[in-house]
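In this text, all values refer to a predicted model and were calculated from it rather than measured experimentally. For the numbers below, each heavy atom of this structure counts, side chains included, while hydrogens, waters and symmetry mates do not.
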Amino acid sequence: MTTVVPSSMSISKIDKEKGVIDSSTELDAGALFVLQSRGSWIHCGFHLTTSIVGPVIFSLPFALALLGWVPGVLIVTLAALVTFYAYNLLSAVLEHHEKLGKRQIRFRDMARDILGPGWGKFFVGPLQFSICYGAVIACTLLGGQSLKFIYLLYNSNGTMQLYQFIIIFGAATLFLAQMPSFHSLRHINLFSLILCLAYSACVAAGSIHTGKSKNAPSKDYSIKGSQENQFFGAINAISIISTTYASGIIPEIQATIAPPIKGKMFKGLCMCYAVIVSTYFSVGISGYWSFGNRAQPTILANFMGNRQPLLPRWFLLLTNIFTLMQVTAIALIYLQPTNEVFEKWFADPKMDQFSIRNVIPRLIFRSLSVITATFLAAMLPFFGDIMALFGAFGCIPLDFILPMVFYNVTFKPSKKGLVFWGNTLIAVVSTLLAAVGAVASVRQIVLDAKTYSLFADV
């Protein structure tokens with residue numbers, strides 16, 4: 001079988017049955033089967049929300065505790081504005097290339113067409129895959145921790161280990177990972193959107209209830225630690241906030257939209273950021289207001305108290321169930337880039353998607369992908385520190401720097417204009433933050449290294 005892998009797709013007509021693009025250029029199976037262009041802007045909004053909004057928002061009160069009220073709220077707001085702007089720039093670049101007859105469907109395709117072949121193959125591609133697969137590992141770990149939390153909530157003396165819960169979560173992901181295409185996740189991602197609204201409301205209500213109760217913890221909003229620790233803490237907080245807004249798969253999500261794509265991504269982003277505004281600020285502000293500088297890396301840990309939970313057990317159980325189910329959807333959406341590569345390498349685009357020839361390789365390689373992620377999550381329960389480093393190296397370049405570069409190179413705005421210098425300023429500042437954030441992440445790994453152990457029960 002000879003498969004031509006185009007850097008972009010020349011558009012001639014739409015295959016109405018499959019929602020893919022038919023042209024004289026033969027498509028690879030990854031584009032044909034996984035990135036089916038059949039969705040509406042509403043489906044795009046579901047995908048965007050699941051890729052961005054997740055339980056990582058439980059760390060926002062901790063980030064505010066490292067920054068203080070004014071800088072913290074300001075940076076959360078600024079990150080929202082910058083990423084909304086950046087994702088719209090990416091969309092504008094993608095729409096521009098579609099008008100020229102070339103529809104780009106992958107982040108690495110954009111880099112290859114705009115910056116050159118080396119950028120897509122050796123920089124953007126590996127960077128995106130490491131971030132997305134790292135997110136799958138982190139979600140698997142978080143899912144296992146949520147299961148263990150539920151277990152200990154009603155059996156505080158239980159003897160089951162964390163790795164056992166991670167395996168249970170991995171088994172559920174293994175089953176759902178067989179969903180054939182990105183578009184087939186649209187109903188799961190609608191449910192995911194509802195779940196993130198639900199657990200955010202629970203956390204905000206729980207924080208307000210705790211802050212007003214007679215057992216409310218004392219509130220201290222000063223920033224703890226020496227000046228050095230405060231500085232690196234602030235950098236870590238900025239990295240945390242940046243990571244909460246990261247997606248890394250914007251082109252792949254836009255690829256799921258049925259042509260013509262003009263204006264649809266903007267509507268999807270508006271839906272997504274309506275959810276972001278209602279969840280990020282409610283969780284971050286209420287959590288920091290309630291616990292001050294005692295806010296833990298995840299606000300759920302604060303609800304457990306020192307001796308007994310500060311909230312009813314049924315309430316904590318409900319919150320964790322919502323979280324657990326949504327983490328599954330996040331893991332599925334970040335599996336899509338690797339699924340697309342597996343389909344491109346091992347499937348035959350000349351045969352039906354559900355033929356034995358294509359189903360067997362899909363089952364084997366997607367299963368191996370999930371099993372490997374589950375094993376790594378069980379082996380490295382301290383993966384959160386590593387993801388902070390990934391966030392500095394990967395999320396900031398993909399979501400804060402490259403959109404500005406792509407736009408400036410593609411549209412060549414006047415160097416005397418605000419757009420060019422605004423984009424350049426964002427890219428330069430983001431580069432500096434990524435460099436300092438990487439140093440801060442490495443420092444934190446070194447400080448925590450003595451607590452690391454393989455297959456630890458944390």
Side-chain angles (χ1 to χ4, degrees), residues 5 9 18-20 27-39 43-54 87 90 94 103-110 124-140 170 172-193 246-258 265 268 272 326-347 349 353 358 361-374 394-395 398-399:
V5 183
M9 301 189 295
K18 293 186 177 180
V20 297
L27 294 178
D28 61 80
L32 186 67
F33 296 151
V34 178
L35 300 179
Q36 294 180 352
S37 303
R38 300 175 59 183
H43 301 146
C44 173
F46 299 160
H47 299 325
L48 285 166
T49 304
T50 301
S51 73
I52 298 175
V53 185
Y87 296 153
L90 277 180
L94 290 166
R103 187 176 182 187
Q104 298 163 327
I105 60 172
R106 306 175 181 94
F107 218 132
R108 62 186 184 274
D109 290 347
M110 294 187 72
V124 173
L127 197 63
Q128 184 192 37
F129 289 136
S130 63
I131 287 296
C132 290
Y133 199 65
V136 174
I137 298 171
C139 286
T140 306
T173 306
L174 182 66
F175 173 76
L176 291 171
Q178 307 307 323
M179 299 288 286
S181 68
F182 209 144
H183 181 65
S184 65
L185 298 178
R186 62 194 183 281
H187 298 112
I188 293 177
N189 290 338
L190 166 61
F191 189 48
S192 168
L193 186 153
S247 174
I249 53 174
I250 296 297
E252 285 79 2
I253 291 175
Q254 186 153 325
T256 66
I257 301 175
M265 190 68 166
C272 173
Q326 205 242 352
V327 166
T328 307
I330 297 173
L332 294 178
I333 204 169
Y334 279 105
L335 277 169
Q336 297 311 305
T338 50
N339 290 347
E340 182 267 323
V341 170
F342 287 145
E343 297 280 297
K344 183 180 74 173
W345 287 348
F346 302 110
Q353 181 179 8
N358 288 331
R362 181 185 309 131
L363 178 65
I364 292 173
F365 290 104
R366 290 191 183 189
S367 298
L368 286 174
S369 177
V370 174
I371 290 170
T372 302
T374 302
C395 294
L398 289 179
D399 297 304

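Interatomic distance, NE2 of His183 versus CG of Asn189, reported as 11.5 Å (0.5 Å rounding). In this structure, the separation between CG on Asn339 and CE on Met179 is 11.5 Å, given to the nearest 0.5 Å. Between the CD atom of Gln326 and the CZ atom of Phe191 there is a distance of 10.0 Å, given to the nearest 0.5 Å. The CD atom of Glu252 sits 8.0 Å away from atom CG of Asp109, with the distance rounded to the nearest 0.5 Å.
Judged as a salt bridge (charged side-chain N to carboxylate O under 4.0 Å, His left out), and not counting sequence neighbours, the contacts of Glu340 are Arg106, Arg108. For Arg186, the salt bridge (charged side-chain N to carboxylate O under 4.0 Å, His left out) criterion is met by no residue, not counting sequence neighbours.
No donor-acceptor pair under 3.5 Å is formed between the side chain of Ser192 and the backbone N or O of Ile188. A side-chain donor-acceptor contact under 3.5 Å links Tyr133 to the backbone of Ala373.
Of the residues listed (Ile250, Ile105, Val124, Leu94), the one engaging Met110 in a side-chain contact (heavy atoms from CB on, under 4.5 Å) is Leu94, and it is the only one.
Between Val327 and Thr140, every side-chain heavy-atom pair lies at or beyond the 4.5 Å cut-off. With a 4.5 Å cut-off on side-chain heavy atoms, Leu335 and Arg366 do not count as touching. Counting only heavy atoms from C-beta outward, the side chains of Tyr334 and Ser51 approach each other to under 4.5 Å.
Ring orientation note: the planes of Trp345 and Phe342 are nearly perpendicular, at an angle over 60° on the 30°/60° scale. Ring orientation note: the planes of His47 and Phe182 are tilted relative to one another, at an angle of 30° to 60°.
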